Amino acid sequence: MLDLHFVREHPDVVRDAIKKKRENEEKANVSKILATDERRRALVQQAEVLKRERNAASEEIGKLKREGKDASTRMAEVRRIGDDVQALDRQLAEVEAELTSLLEWLPNIPNAKVPVGDDATQNKEIRKHGEPRRFPFKPKTHIELGASLDVFDFPRATKIAGSGFYVGKGWGARLERALINFMLDLHTREHGYVECQVPVLSNRTSMRGTGQIPKLESDMYGIDGSTQFLIPTAEVPLTNLHNGEMLKESDLPLYYTGHTACFRREAGAAGKDTAGLVRVHQFNKVEMVKIVRPEESEAELESLLLNAEEVLKRLRITYRVVLLCTGDLSFGSAMTYDIEAWAPGLERWLEVSSCSNFGDFQARRANIRYRGADGKVKFVHTLNGSGLALPRVLVTLVETYQTAEGTVQIPDVLSPWLAGGGLVIDAPKRIVP
RNA sequence: GGAGGGAUGGCAGAGUGGUCUAAUGCGCCGGUUUUGAAAACCGGUGACCGCAAGGUCCGGGGGUUCGAAUCCCUCUCCCUCCGCCA
């Protein structure tokens with residue numbers, strides 16, 4: 001959420017952001033907000049004048065009564081004021097609710113470093129790590145490998161739950177578990193994050209806090225008449241750990257990581273990536289969240305990105321880092337880097353991580369503040385990034401490390417997390433060693 | 001699931017219809033003192049809205065009243081006990 005003062009004082013900056021982000025100008029409506037704010041301030045003034053009168057009169061009545069005098073005419077008068085106050089307060093509550101819901105539709109302002117552009121084609125490549133691997137044979141896709149090695153089962157997942165799910169089986173499941181532990185250990189032992197086990201269900205307040213509600217409500221699975229939702233990312237519970245809290249400056253920065261299942265309807269993506277692991281309704285993800293002082297958030301984004309990249313470096317997977325242009329930037333983000341890993345079988349780059357700086361956008365919504373050394377209350381800045389999304393890492397891993405024989409050579413770096421197991425995925429019942 | 005108790009500023013905690021403009025303590029900030037620090041003493045110190053005067057806020061919402069932290073209803077959360085249970 002943007003600061004109302006900021007919107008009032010810099011409406012053009014906000015309008016510019018809406019345009020550059022290709023947001024719906026009907027819903028993200030600055031003029032309507034300014035008009036509603038005017039109405040609200042007029043009502044506040046009217047109500048306050050009356051309240052002042054009422055307070056003075058009530059005090060007087062108290063005095064009269066203590067002195068044993070009659071106060072009935074005064075009381076009748078004040079009663080009328082009270083009725084007016086109540087009517088004004090009702091109107092004010094309505095206008096304020098309207099204003100808040102309008103404000104919730106305003107996107108965050110992009111950082112000045114973000115290139116202006118319409119869509120993903122205008123994103124800017126920042127760096128590349130490794131080269132796409134060349135094969136002396138035609139590499140298979142993870143779907144083909146998954147079937148021949150019996151490690152990913154899509155038809156049976158569809159039978160159980162519907163389309164857009166997968167079953168990891170044998171090495172497929174084991175490898176995913178090893179990757180999760182590898183990532184969590186890296187982030188906790190070497191990058192300074194505190195691991196959290198969090199609910200995969202969150203309420204409306206939390207969803208509003210991180211910005212999923214109102215804009216993305218229809219992309220989530222609601223529970224119990226939509227009082228709670230399955231989380232689309234652990235960003236929601238991890239950031240909302242501190243919802244409504246007043247932190248001490250010495251508490252900052254806070255680094256959290258956690259592994260959860262994530263659930264997405266992918267409502268707008270019907271017909272896209274329908275086969276395989278690339279786009280599924282339920283997937284595992286290791287997430288990193290940072291809660292930091294405002295002056296540090298830009299540098300914290302860079303280190304967050306490096307933390308995510310480190311996973312791919314150690315797995316020796318080819319990737320590139322892309323700075324999203326304004327048109328591709330998400331609603332609440334001020335600046336986002338995507339990490340895209342190369343999938344040799346599919347022959348395309350896959351987004352395995354998205355690292356964003358939200359500035360104070362989420363902090364305002366979730367009311368996460370801290371008291372500075374000077375005693376002043378300020379909003380924190382929040383950041384988050386995937387570290388990483390599991391299914392797509394599995395895709396790039398098995399496609400990258402496949403052999404001419406149709407087996408998969410698992411990178412050595414994972415061996416500590418595959419205790420007792422070999423490092424080659426072979427056809428069923430011939431697991432090596 | 002049943003019964004009871006509770007929610008007050010950054011924290012602890014008093015306050016059961018009228019100077020509550022919320023006591024007091026801790027913490028925090030400043031000062032005095034000190035070579036420096038601690039201690040002691042003195043002073044200051046909530047959030048939000050408003051250009052300001054001022055107004056609002058005692059878990060959320062609603063009600064009673066001239067007037068609500070205080071009374072009533074309701075929701076949420078926490079605690080104690082009982083039951084059930086991974």
Side-chain angles (χ1 to χ4, degrees), chain A residues 1-11 33-104 197-209 213 223-229 237 240-252 254 291 293 360 363-380:
Chain A
M1 189 144 67
L2 297 178
D3 182 13
L4 182 58
H5 294 95
F6 181 84
V7 179
R8 202 185 289 151
E9 279 155 38
H10 309 281
I33 287 170
L34 295 177
T36 308
D37 181 43
E38 284 298 325
R39 270 203 291 152
R40 181 189 68 87
R41 289 156 86 188
L43 284 171
V44 166
Q45 284 202 349
Q46 287 177 49
E48 287 189 355
V49 169
L50 288 181
K51 279 177 184 171
R52 196 177 159 190
E53 271 178 50
R54 185 187 63 180
N55 287 350
S58 284
E59 204 173 314
E60 200 184 315
I61 289 167
K63 203 187 286 173
L64 287 173
K65 289 206 158 184
R66 269 194 304 277
E67 289 165 0
K69 293 178 183 160
D70 175 53
S72 51
T73 50
R74 237 17 214 130
M75 277 164 66
E77 265 174 58
V78 180
R79 170 158 189 98
R80 276 199 302 278
I81 299 176
D83 289 344
D84 291 347
V85 166
Q86 198 168 43
L88 279 173
D89 274 347
R90 285 221 171 101
Q91 278 184 59
L92 188 61
E94 268 175 44
V95 171
E96 275 179 345
E98 194 185 330
L99 188 59
T100 304
S101 58
L102 284 168
L103 234 32
E104 280 178 351
Q197 270 293 336
V198 290
V200 293
L201 231 49
S202 291
N203 59 28
R204 302 194 74 91
T205 303
S206 298
M207 290 299 179
R208 195 170 282 113
I213 286 180
I223 297 284
D224 257 0
S226 291
T227 59
Q228 292 167 319
F229 297 85
N240 279 293
L241 281 172
H242 295 288
N243 188 308
E245 292 186 15
M246 180 75 76
L247 302 167
K248 290 193 287 253
E249 184 161 8
S250 57
D251 294 337
L252 304 175
L254 292 163
I291 297 177
R293 294 162 60 214
D360 63 6
R364 283 181 192 283
R365 289 176 164 248
N367 200 26
I368 307 174
R369 299 174 297 173
Y370 73 100
R371 193 175 294 279
D374 55 3
K376 288 251 189 334
V377 174
K378 299 170 203 167
F379 287 105
V380 299

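Worth knowing before you read on, the calculation uses all heavy atoms, side chains too, and leaves out hydrogens, waters and symmetry mates. Predicted, not measured: the structure shown is a model, and the values here were computed from it. Here is how names work: the chains are called A, B, and so on, in the same order as the sequence lines, proteins then strands, and each is numbered from 1.
Atom CE in M246(A) sits roughly 17 Å away from atom P in rU45(B) (whole-Å rounding). As rounded to whole Å, 16 Å separates atom C1' of rG9(B) from atom CD of E245(A). For K51(A) and rC49(B), the NZ to P distance is 15 Å, given to the nearest whole Å. As rounded to whole Å, 15 Å separates atom P of rG61(B) from atom CD of E94(A). Rounded to whole Å, the distance from CD1 on I81(A) to C1' on rG55(B) is 15 Å. For the pair L43(A) CG and rG55(B) C1', the interatomic distance rounds to 14 Å; values are reported in whole Å. The interatomic distance linking L4(A) (CG) with rC48(B) (C1') rounds to 13 Å, in whole Å. Per the geometry, CZ belonging to R54(A) stands 7 Å off P belonging to rU56(B), to the nearest Å.
Counting atom types as modelled, E48(A) pairs a side-chain N or O with a base atom of rG54(B) as donor and acceptor under 3.5 Å.
Within the 4.0 angstrom heavy-atom criterion, no nucleotide atom of any strand lies near R74(A). Looking at heavy-atom distances under 4.0 Å, E77(A) makes no contact with the nucleic acid at all.
The phosphate of rG50(B) (OP1 or OP2) has a side-chain N or O of R8(A) nearer than 4.0 angstrom. Regarding contacts with the backbone of rG54(B), every side-chain N or O of R52(A) stays at 4.0 angstrom or more from both OP1 and OP2. Look at R40(A) and you'll find a side-chain N or O under 4.0 angstrom from OP1 or OP2 of rG50(B). Regarding contacts with the backbone of rC66(B), every side-chain N or O of N55(A) stays at 4.0 angstrom or more from both OP1 and OP2.
Under the Watson-Crick or G-U wobble criterion, with both distances below 3.5 Å, rU80(B) is paired with rA3(B). Across every strand in view, rG43(B) sits in a pair with rC29(B) that passes the Watson-Crick or G-U test at under 3.5 angstrom.
Considering I291(A), N367(A), D251(A), V380(A) in turn, I291(A) is the only one that fulfils the side chain to side chain contact (heavy atoms under 4.5 Å, CB included) rule with H242(A).
N55(A) and S58(A) are not linked by any side-chain donor-acceptor pair at a separation below 3.5 angstrom, with hydrogens and angles left out of the test.
Each of R90(A) and K248(A) was assigned the nucleotide of RNA chain B with the nearest heavy atom; the assignment lying further toward the 5' end belongs to K248(A). Comparing D3(A) and R371(A) along RNA chain B, the residue whose closest nucleotide (by nearest heavy atom) sits nearer the 5' end is R371(A).
Within a 6.0 Å sphere centred on CD of E59(A), heavy atoms belonging to other residues, nucleotides or ligands number 12 at most.
Across rU65(B), rG50(B), rG18(B), the shortest atom-to-atom separation from the side chain of S58(A) is found for rG18(B). Checking rU64(B), rG10(B), rC51(B) against every side-chain atom of R41(A), the shortest atom distance belongs to rC51(B).
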